[in-house]
Amino acid sequence: MKYFVRTFGCQMNYSDSERISSVLEYLDFTPATSQKDADLLIFNTCSVRQKSEDRVFGLRKTLAALKKKNKNLKIAITGCMVRKTSTRAAAQNKKIDPVLHIMPEIDIAFKIDNLLLLPDLLGQKNTLAHTPEDNNYFRINPKKETMFSVFVPIMTGCDKFCTYCIVPYARGREKSRDFDEVIAECKKHVEEGALEITLVGQTVNSYGLSFIDKQSKKFECFGESPFAALLTEVDKLSALGLKRLKFTSPHPRDFNETLIKTLPKLKTLCPHIHMPVQSGDNDVLRRMNRNYTVDEYKKIMQGIKKAIPNIAMSTDIIVGFCGETDKEFENTLRMYKDMEWDMCYLAQYSPRKGTYSYANLKNDVPAKTKLARWHRLNELLTKTACKKHKPFLGKTVEVLVSSQKRKTCTGRTPEEKEIHFESAKNLVGKIVSVKVTKVSNFYLTGELI
C-alpha cells in the first residue's frame, strides 16, 4: 500500500506531515511518488485564509477522477480545516466533520492531535494509542524530509484570538510541550546529523505562558520567559554539532526583556527574526485584536537590534483590513519606511468564515483599493530588500545548502538570505563558504570558495 501526503500552510503543518508519514510507515505503507500512484491520499490543510480552504474544495473534480481510476483509494484530511475526527462510516449518525459533508470524495477526517488514532480510522490494529484520550502526537518520531535541517514543534494551538484568524478555533487553546521532551527531540535530531533546528509554534515565544500552561505550573521554575530558558538549553547542543538555531514565529506581546537579553548569549542563534506586525496603524491593530501599539512593536525591535546589531528582520502585513482608511494605510507605509524590514509577506485581507471579523466587521475596503495598496507596499518592499542586500556584495558568507539542480546550488545564509552558486560536487546538507558576487531584489549570487 502506498501513501502520499500533500501539505498546505506553515512550517507547523510541514512538521505535522513528517509525523503523519512516520505513522503510515509504521503501518507498512510506503511513499508514493505522486498522488496519482497512492492508495491512501492525505491532505494536511491550512485554513488561516479562506483562499486556503477554497484550494482544497477546488480539488473535488480531481479526487473524483482518482477514485474512479482506483476503486480502493482512500482519501483523508487533517490540519486546520478539520474540527471533528470522524469517518464516512459514521455518516448515519450525522456526527461527522462538516468537510465530509462538503466533500463526499473524502473518507476520513482527523484532527492532527488525534494522529495516534489514525490506525483505528484506517481499520488497522493500533499499538500507538492506548486510550482515546491519548493525544500527545508529538511523541511520534517524525520521518524527516532532511536530516540536516529539521522543524521541532514546541507547542500547539493559540490564545491570541486575532479577529481575522481561525487558528484558535481550528487548533484549540495554546498548550506547550514538556520542556525535557523538546530537548530530548532536539538532541536526537542533532545526534542524527541535524545542523539546523527551527523551533515552531503558532506564537512560539509564548511557550510556557498560556492559561493551560500556567494551570499546570510545570513552567514556573523557568521564570518570566520559559522560551528563553528553552533556547538556552537547545543552544548547548552546539557541543554535539548544532550549528544553527531558528524560531518562528513570535508574537510581540510575549517578547519580554528577559528574552531579548538572552538572544545575544546564544552561540547558534541565527541573526534573523520574523516578527509579524500586520499593520502600522494603532486603530487597525485594535480592530485586529493584536494587543500592542506601533510604538510598542518598534521598541521591541529596537531592543533586539541593539542586542544583535547585524540581525535581519522580516514581518507580515495585511492590507485592506476592515475599515482601513487611506490615512491608516499611509501610517503602515510610513512604518515600513521607518523599520526597513529585510523582507515582508504581504496579504490582502479576505474574510474568513468562523472568525470575529467575518461575523462582526464589514469587509468594506474595495478590492481595487486593496490591490492598489498591496502594489504600493510591494514596490517599497522590493526597493528595501535590494538595499538590504547591497552590504553583502563582496563578502564571504556561510551557506547551508538546501538543494542542488545539476551544478546550481541553493542555500541560505544565517541572516536567511537566499543565495545561488555553482558547484560540481553535491553539497546538499553541508555548510560552505561562498563569496557574494551579485545582489538582486530577493536573492544573492555567489562563488564557492
Side-chain angles (χ1 to χ4, degrees), residues 1-9 12-32 34-47 52-138 140 142-143 156 166 169-172:
M1 299 283 282
K2 293 184 177 181
Y3 76 90
F4 188 85
V5 180
R6 185 173 173 183
T7 307
F8 301 84
M12 190 78 178
N13 285 40
Y14 281 90
S15 172
D16 289 344
S17 289
E18 292 182 338
R19 284 173 163 78
I20 294 170
S21 296
S22 182
V23 169
L24 293 175
E25 296 195 12
Y26 174 82
L27 297 173
D28 292 327
F29 281 84
T30 57
S34 72
Q35 62 185 34
K36 294 180 181 179
D37 303 319
D39 301 295
L40 173 63
L41 177 57
I42 296 183
F43 293 98
N44 189 4
T45 62
C46 171
S47 63
S52 301
E53 287 200 4
D54 292 342
R55 287 178 64 192
V56 177
F57 291 141
L59 295 172
R60 286 196 57 192
K61 186 175 180 180
T62 299
L63 300 185
L66 289 173
K67 281 208 158 188
K68 185 176 181 180
K69 182 179 179 182
N70 182 356
K71 301 296 183 182
N72 296 319
L73 174 64
K74 285 188 176 182
I75 303 175
I77 189 168
T78 187
C80 294
M81 284 180 66
V82 177
R83 301 292 184 273
K84 182 178 178 59
T85 297
S86 49
T87 66
R88 189 155 300 284
Q92 65 272 20
N93 300 323
K94 297 183 179 179
K95 294 182 179 179
I96 60 175
D97 188 89
V99 174
L100 295 181
H101 287 296
I102 298 170
M103 299 184 72
E105 299 80 12
I106 293 178
D107 304 290
I108 299 168
F110 65 95
K111 296 181 68 175
I112 192 62
D113 57 8
N114 290 146
L115 177 56
L116 287 162
L117 301 178
L118 183 56
D120 298 306
L121 299 172
L122 292 171
Q124 297 198 26
K125 183 179 179 180
N126 191 350
T127 58
L128 292 171
H130 304 290
T131 69
E133 291 75 31
D134 186 355
N135 62 0
N136 182 17
Y137 78 101
F138 288 130
I140 300 168
K143 184 199 173 186
T156 186
I166 198 69
Y169 309 100
R171 285 189 174 262

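Position 1 is the first residue of the sequence; numbering continues from there. Because the structure is predicted, anything quoted here is derived from the model rather than measured.
How far NZ of Lys84 is from CG of Leu100: 11.0 Å, rounded to the nearest 0.5 Å. From Thr62, atom OG1 reaches atom CG of Leu66 across 7.0 Å, with rounding to the nearest 0.5 Å. Taken to the nearest 0.5 Å, the CG atom of Leu116 stands 7.5 Å off from the CG atom of Asn126. Between atom CZ of residue Phe43 and atom CZ of residue Arg6 there is a gap of 6.0 Å, rounded to the nearest 0.5 Å. In this structure, OH on Tyr137 lies 11.0 Å from NZ on Lys111, to the nearest 0.5 angstrom. With rounding to the nearest 0.5 angstrom, the CD1 atom of Ile112 is 9.0 Å from the CZ atom of Phe138.
Listed by chain and number, the residues in a side-chain contact (heavy atoms from CB on, under 4.5 Å) with Asp54 are Gln50, Phe57 (sequence neighbours excluded). With sequence neighbours left out, Thr7 forms a side-chain contact (heavy atoms from CB on, under 4.5 Å) with Val5, Asn13, Tyr14, Ser17, Asn44. Annotation: side-chain contact (heavy atoms from CB on, under 4.5 Å) contacts of Pro31 (sequence neighbours excluded): Tyr3, Glu25, Lys143. For Arg83, the side chain to side chain donor-acceptor pair (under 3.5 Å) criterion is met by no residue, not counting sequence neighbours. Taking the side-chain contact (heavy atoms from CB on, under 4.5 Å) definition, one finds that Thr30 meets it with Lys2, sequence neighbours left out.
Taking all atoms of both residues into account, the shortest heavy-atom contact from Asp39 to Met1 is OD2-CA, 3.5 Å. Across Arg88 and Met103, no two heavy atoms sit closer than the pair NH2-O, 3.1 Å.
Note on Arg171 versus Asp16: salt bridge recorded, some NZ/NE/NH1/NH2 to OD/OE distance being below 4.0 Å.
Atom CZ of Arg55 is surrounded by 12 or fewer heavy atoms from other residues, nucleotides or ligands within 6.0 Å.
Looking at Phe29 and Leu40, their side chains come closer than 4.5 Å, going by heavy atoms from C-beta outward.
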* Asked: Hey, mind stepping through Ile106 and Val99 against side chain to side chain contact (heavy atoms under 4.5 Å, CB included) and telling me if it holds?
  -> CA-CA 8 Å; Ile106 293 178; Val99 174; 4.1 Å; yes
* To do: Please step through side chain to side chain contact (heavy atoms under 4.5 Å, CB included) for the pair Leu63 and Lys68, ending with a clear verdict.
  => CA-CA 9 Å; Leu63 300 185; Lys68 185 176 181 180; over 6 Å; no
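Side chains of Tyr26 and Thr127: a donor-acceptor N/O pair is present below 3.5 angstrom, by distance only.
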Please tabulate, one pair per line, all N/O donor-acceptor pairs under 3.5 Å involving side-chain atoms of residues 73-82, not counting sequence neighbours.
unit_1: Thr78; atom_1: OG1; unit_2: Phe110; atom_2: O; d: 2.6

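Screening Ile108, Val23, Thr87, Asp107 against Leu122 for a side-chain contact (heavy atoms from CB on, under 4.5 Å) leaves a single residue, Ile108. With respect to Thr85, the side-chain hydrogen bond (donor to acceptor under 3.5 Å, both in side chains) criterion is satisfied by exactly one of Asp113, Asp97, Asn114: Asn114.
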